[in-house]
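Reading through the structure tokens given below for one structure.
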Amino acid sequence: MASLALPFPKPLVISRSNLQNKPTIKFWAKTRYLNSSKIPSWRRGPADAKNLQCGVIRMQAGEEDYELKQMRDVAAAKKRWDALIREGKVKVLTPREAGYAVQLSNKPLLDVRPSTEREKAWVKGSTWIPIFDVDSKFDVGALSRKLTNFVMGGWWSGMPTLSYDSQFLSKVEEKFSKDTDLIVACQKGLRSLAACELLYNSGYRNLFWVQGGLEAAEEEELAREGPQPLKFAGIGGVSEFLGWTDQQRAAAAKEGWGYRLLFSARLVGVFLIADALFLGTQQVGRYLQEIRSH
């Protein structure tokens with residue numbers, strides 16, 4: 001990865017994990033440092049307070065440096081990707097043009113999305129090789145990333161913790177020769193750009209990028225397979241259950257009140273369940289108090 005000078009896979013993996021995870025780790029480290037000092041707070045002198053303050057300042061500076069580094073990495077990746085397109089090293093296709101190329105010219109389409117998106121919908125005849133996929137590890141570091149991802153929005157968006165597949169290039173090379181006219185697509189268009197950069201740097205010279213990703217495709221533009229429309233493959237979590245995503249709002253505007261009533265009923269159900277849990281908790285509290293009083 002270092003030799004390919006591609007810093008963006010980290011933010012993408014972290015996008016839902018490391019970007020938010022590292023400052024969180026530092027926050028907890030800061031908390032432990034402040035709370036675990038062997039000197040009781042009422043016995044700490046000016047020197048101890050000064051040392052604590054310096055430690056906090058150093059940790060805050062470290063967090064800022066990390067965030068600045070991530071911003072610089074993202075900006076550098078965007079600049080490289082813009083250059084690839086501007087210099088014609090990667091050609092741009094709209095979803096409609098990609099559909100024509102696949103159906104009429106029989107050009108291969110490489111789907112680099114993770115399994116959670118691929119299993120919902122895919123382009124008929126496409127080849128699936130994810131550049132990032134769901135992190136299936138269960139070590140301490142992976143569990144920490146997954147917990148952070150969930151707390152920082154994964155519960156709402158349904159986006160799992162992703163990790164870079166180090167075998168991505170070798171898997172592509174097994175399927176496609178380097179002179180193949182290869183169309184590369186993901187859900188929104190960012191991971192496919194990262195894939196195009198890796199592929200170009202490894203020798204592929206006939207690359208086509210689907211602008212906006214498969215999410216930008218209308219139903220008739222690409223031959224789809226799978227249980228859901230391509231536009232819905234990237235949504236999940238509570239936001240999907242309640243129908244509060246942009247894709248579902250657009251569908252509701254087309255399909256009318258029947259579609260809206262379904263999600264309105266789900267929302268009412270959530271409120272009723274929450275209310276029932278609250279009342280149940282109160283009843284249990286009163287019951288425990290009565291037991292103690294007797």
Side-chain angles (χ1 to χ4, degrees), residues 12 81-82 84-85 88-134 157-160 162 172 175-176 180-196 199 204 206-266:
L12 280 171
W81 296 344
D82 289 343
L84 283 174
I85 294 171
K89 295 176 180 177
V90 174
K91 286 81 173 177
V92 179
L93 296 178
T94 64
R96 182 180 294 275
E97 290 169 339
Y100 288 149
V102 171
Q103 295 173 37
L104 302 180
S105 301
N106 203 29
K107 292 188 184 299
L109 187 146
L110 175 62
D111 185 346
V112 299
R113 298 176 301 162
S115 55
T116 51
E117 296 173 0
R118 170 77 181 189
E119 65 191 13
K120 294 179 181 179
W122 60 92
V123 176
K124 184 178 181 180
S126 61
T127 300
W128 178 55
I129 304 176
I131 183 171
F132 301 100
D133 207 356
V134 178
S157 67
M159 177 63 72
L162 303 177
V172 175
K175 292 282 186 179
F176 304 107
T180 303
D181 290 343
L182 190 58
I183 302 171
V184 186
C186 65
Q187 188 65 23
K188 294 179 181 292
L190 287 177
R191 286 167 292 192
S192 52
L193 268 176
C196 282
L199 292 169
Y204 286 85
N206 301 311
L207 297 171
F208 298 84
W209 169 63
V210 180
Q211 188 175 29
L214 300 180
E215 187 175 290
E218 297 300 329
E219 190 66 19
E220 69 279 0
E221 292 178 346
L222 292 165
R224 173 186 63 84
E225 293 182 326
Q228 297 188 24
L230 285 167
K231 286 181 179 293
F232 287 8
I235 63 176
V238 176
S239 61
E240 180 187 19
F241 178 77
L242 296 177
W244 284 359
T245 65
D246 293 338
Q247 296 89 334
Q248 289 168 305
R249 290 194 189 101
K254 292 180 180 178
E255 298 187 24
W257 283 103
Y259 193 85
R260 297 177 188 179
L261 285 173
L262 170 65
F263 293 104
S264 298
R266 289 184 180 180

Quick one: CG on Leu162 to OG1 on Thr116, what's the gap to the nearest 0.5 Å?
6.5 Å
Please give me the minimum heavy-atom distance between Cys186 and Leu190, naming the atom from each residue.
SG-N, 3.5 Å
Heavy-atom closest pair (Val134 atom, Ser115 atom, distance to 0.1 Å) is CG2-OG, 3.8 Å
Can you tell if the side chain of Trp209 reaches within under 4.5 Å of the side chain of Val92, non-hydrogen atoms only?
yes
How many angstroms lie between OG in Ser192 and CZ in Phe208, if you round to the nearest 0.5 Å?
14.5 Å
List for me each residue that meets side-chain hydrogen bond (donor to acceptor under 3.5 Å, both in side chains) alongside Glu119, sequence neighbours excluded, and say none if there are none.
none
Between Lys124 (side chain) and Arg224 (backbone), is there a donor-acceptor pair under 3.5 Å?
no
Under 3.5 Å, is there a donor-acceptor pair between the side chain of Tyr204 and the main chain of Phe176?
yes
Output the distance between atom OG1 (Thr127) and atom CG (Asp111), rounded to the nearest 0.5 Å.
9.0 Å
List in chain and number order the residues that pass salt bridge (Lys or Arg N to Asp or Glu O under 4.0 Å) with Lys89, two or more places apart in sequence or in another chain; answer none if no residue qualifies.
Glu87
Interatomic distance, Leu214 atom CG to Arg113 atom CZ [nearest 0.5 angstrom]:
5.0 Å
What is the minimum heavy-atom distance between Leu222 and Pro95, and which atoms define it?
CD2-O, 3.8 Å
Working to the nearest 0.5 Å, report the span between CD1 of Ile131 and CG of Leu199.
7.5 Å
Going from CG on Asp133 to CH2 on Trp128, what distance comes out if it is rounded to the nearest 0.5 angstrom?
5.0 Å
What is the minimum heavy-atom distance between Arg96 and Glu221, and which atoms define it?
NH2-OE2, 3.2 Å
For Ala121 and Gln228, work out which heavy atoms get closest and say how close.
CB-O, 3.1 Å
At their closest point, which heavy atom of Cys196 faces which heavy atom of Leu207, and how far apart are they?
O-CD1, 3.5 Å
Lys91/Glu97 salt bridge by N-O under 4.0 Å criterion
no
Please examine the side chains of Arg191 and Pro114, heavy atoms only from C-beta on, and report whether any two atoms are closer than 4.5 Å.
yes
